[in-house]
Amino acid sequence: MTWWKSSVVYQIYPRSFSDSNGDGIGDIRGILDRLDHLSELGVDVIWLSPVYRSPQDDNGYDISDYTDVDPLFGTLADLDDLIAALHERGMKLVMDLVVNHTSDEHPWFVESRDQASDKRDWYFWRPARPGFVPGSKGAEPTNWSSLFSGPAWQYDPASGEYYLHLFSRKQPDLNWENPAVRQAVYAMMNWWVDRGVDGFRMDVINLISKTLPLADGDANPLDGLCYDLGLVVNGPRLEEFLAEMNAAVGISAKQLFTVGEMLMVDVEHARRYTSVHADELGMVFTFEHMSLDQQPGVSKFDLRPLHLPDLKANLALWQDGLADDGWNSLYWNNHDQPRIVSRFGDDSDEHRVTSAKTLGTVLHLLRGTPYVYQGEELGMTNAGFTRIEQYADIESLNYYAAATGMGLDEAQVLRGLAVKSRDNARTPVQWDDGVNAGFSTGRPWLPVNANHSAINAAAARADEGSVFHHYRTLIELRHAYEIVREGRFALLLLEHEQVFAYTRTLGEQVLLLVANLSCTAVPLDGLDLPDVTGAAVLLATDANPGAGALRPYESIVYLVG
Ligand code: NOJ
């Protein structure tokens, strides 16, 4: 079995992890100071969000130099130290690879602004729509909107043309059709592999092959607020590019870790891209299970309550779809998603700990590679922002401007942001109950959550009943039990609106998980579950598990045989 199929990944968003120099922004030396926390948790792989040189328009997902570290985060020497320190502790380092776009301050793009430059074709430069005056309303080459609101085209008066940016205007899309672009990317990846990194998390990688010629998409119902991605995702040359990259960097040959972040990817695509026969990717991040609490077809900030059977059906679809070929990534959280305990759990004092544990259990006992996002292991909650001034995230700020600009009710817009803004995940990690939660001695770039006096790593590590120790046990179970890594999945009680239950089976052994994902008790005798007489309880959220009813958010894991 490939090594990363028995691994658990921990994501570090460096800006919010730990600040060593008091400038209010986390840095690499801050990470080095916290390695004991990661070792104690027991994770195998660290995915480091971008630390490259960047104007920080999108917190580092806009890169101006792929082979240097931004002074905000430290130096290349610090990064070398981090690689060495992680390797010494038996952990691997996976870098973020952001190559659908660069920063507009990257020398490649700066050069491409000159129409005569041989870099012109490294990006998507296009003339205005025929019949329109360049720069005038509606003159954009296509009707696409950016994922960060507004048109996906930026007019450049100097050359009279537009460039494509599916994200912010400071993130121009690279033209992967040009072989020189691809070779430059592969050379950069090899440079990092030679430096000792163990793999890549590939940012929005299924956008790199666009359907040509670039053409109008279907009219958008909420112009400027959402975007029909059909013409730019999973494009005709995607698999060719992924296979070429794999060969050029020796991804399969060197057993490098890869995960491709992919918008609008379904299980069929995922099976193709992650098939053992394909030599493309190790696994992908899907968004399907993260879209179940939004109104279909419109912006992610248009909320609807989660219907638990939808979540169960979707996770089961992916478990079954990749059972025989391909591999799943398992995640609830990352730097783009709100905190799971505030989202699918209950972050009240009464239920926060139990619901965070149970959500962790539901995810970690599936087949695939689980990801823990910094602070998830502490049961950290959403930010609780109520005013637009509290937000820093470009997606949130642009959405607010666009939505209120077109007349949406401000209170409704702020409600959407409070639930879904990416800043919910980006408040500083809560290390202790001291000043700024021990994150920084300076003024944190984003406010620390006031609940750090109760929710923090020092308290969690000292408390055997904490979310931290529960996650530690979940990670141990994956390492210790083949049935957790490889057992065949079967969903139970699909239609039940409170209970998430499934089995994993390996030979004669059966693992049964029963979880109450609601705040009301569920009598156990009403549930049609396998007989657990004589079974061992591997893990439970409450003392005296299985006594008559599943308490609110309670979960129990049995091992039979
Ligand atoms: C996905 C990243 O996770 C997100 O943070 C970023 O804004 C976009 N890609 C653009 O790079």
Side-chain angles (χ1 to χ4, degrees), residues 9-17 26 47-66 70 73 94-106 109 123-124 144-150 152 154 163-174 176 185 200-208 210 226-227 229 232-234 258-265 281 283-287 290-291 299-301 329 331-339 371 373-374 376 391-399 417 420-427 445-446:
V9 183
Y10 186 93
Q11 183 193 351
I12 292 184
Y13 192 65
R15 177 174 269 273
S16 305
F17 190 68
W47 151 26
L48 182 62
S49 278
V51 290
Y52 313 96
R53 267 193 196 264
S54 158
Q56 303 290 322
D57 186 54
D58 185 19
N59 290 358
Y61 283 89
D62 49 315
I63 297 169
S64 54
D65 185 345
Y66 286 110
D70 197 284
F73 299 120
V94 165
M95 296 292 274
D96 223 303
L97 180 81
V98 188
V99 288
N100 171 67
H101 44 268
T102 66
S103 163
D104 66 339
E105 297 181 34
H106 193 292
F109 185 76
Y123 295 84
F124 292 98
W144 303 353
S145 34
S146 131
L147 280 137
F148 288 167
S149 307
Q154 177 67 25
Y163 65 84
L164 177 68
H165 60 90
L166 292 177
F167 294 89
S168 96
R169 69 183 58 160
K170 288 186 67 62
Q171 293 168 300
D173 282 53
L174 278 166
W176 275 66
V185 169
F200 300 95
R201 174 269 183 188
M202 302 180 185
D203 191 68
V204 289
I205 200 69
N206 66 333
L207 299 182
I208 58 176
K210 275 94 174 155
C226 71
Y227 170 55
L229 288 162
V232 291
V233 293
N234 306 312
T258 54
V259 54
E261 185 204 28
M262 297 200 168
L263 303 171
M264 286 177 69
V265 75
L281 292 174
M283 62 194 116
V284 309
F285 287 138
T286 171
F287 283 78
M290 293 280 99
S291 311
S299 140
K300 74 176 195 183
F301 298 106
S329 73
Y331 79 95
W332 289 138
N333 269 119
N334 58 45
H335 62 293
D336 294 332
Q337 298 293 340
R339 293 284 179 185
Y371 289 71
Y373 174 69
Q374 62 187 36
E376 178 182 343
Y391 291 92
D393 167 36
I394 183 168
E395 180 193 48
S396 305
L397 296 175
N398 286 3
Y399 166 74
L417 288 176
K420 285 287 187 69
S421 168
R422 308 193 297 179
D423 279 342
N424 284 308
R426 299 177 180 185
T427 59
W445 72 277
L446 199 64

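Atoms within each ligand, like the ligands themselves, are counted from 1 in listed order. These numbers come from a predicted model, not from an experiment.
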Looking only at heavy atoms, which two atoms of Asp57 and Asp62 are closest? And how far apart?
N-OD2, 2.7 Å
Decide whether Tyr52 and Asp96 meet the rule of one side-chain donor and one side-chain acceptor closer than 3.5 Å.
no
Plane angle bin for Tyr10 and Phe17 - parallel if under 30°, tilted between 30 and 60°, otherwise perpendicular
perpendicular
If only side-chain N and O atoms count, and only distance matters, is there a donor-acceptor pair under 3.5 Å linking Tyr123 with Thr102?
yes
Tell me whether Arg15 is salt-bridged to Asp70, with the criterion being a basic N under 4.0 Å from an acidic carboxylate O.
no
Between the protein and ligand 1, which nitrogen or oxygen pairs come in under 3.5 Å, and how far apart is each?
unit_1	atom_1	unit_2	atom_2	d
ligand 1	3 (O)	Arg201	NH2	3.0
ligand 1	3 (O)	His335	NE2	2.8
ligand 1	3 (O)	Asp336	OD2	2.5
ligand 1	5 (O)	His335	NE2	2.9
ligand 1	5 (O)	Asp336	OD1	2.8
ligand 1	5 (O)	Asp336	OD2	3.4
ligand 1	5 (O)	Arg422	NH1	3.2
ligand 1	7 (O)	Asp58	OD1	3.4
ligand 1	7 (O)	Asp58	OD2	2.5
ligand 1	7 (O)	Arg422	NH1	2.9
ligand 1	9 (N)	Asp203	OD1	2.9
ligand 1	9 (N)	Asp203	OD2	3.1
ligand 1	11 (O)	His101	NE2	2.9
ligand 1	11 (O)	Asp203	OD2	2.7

Qualifying residues under side-chain hydrogen bond (donor to acceptor under 3.5 Å, both in side chains), relative to Asp173, sequence neighbours excluded
Asn100, Lys210
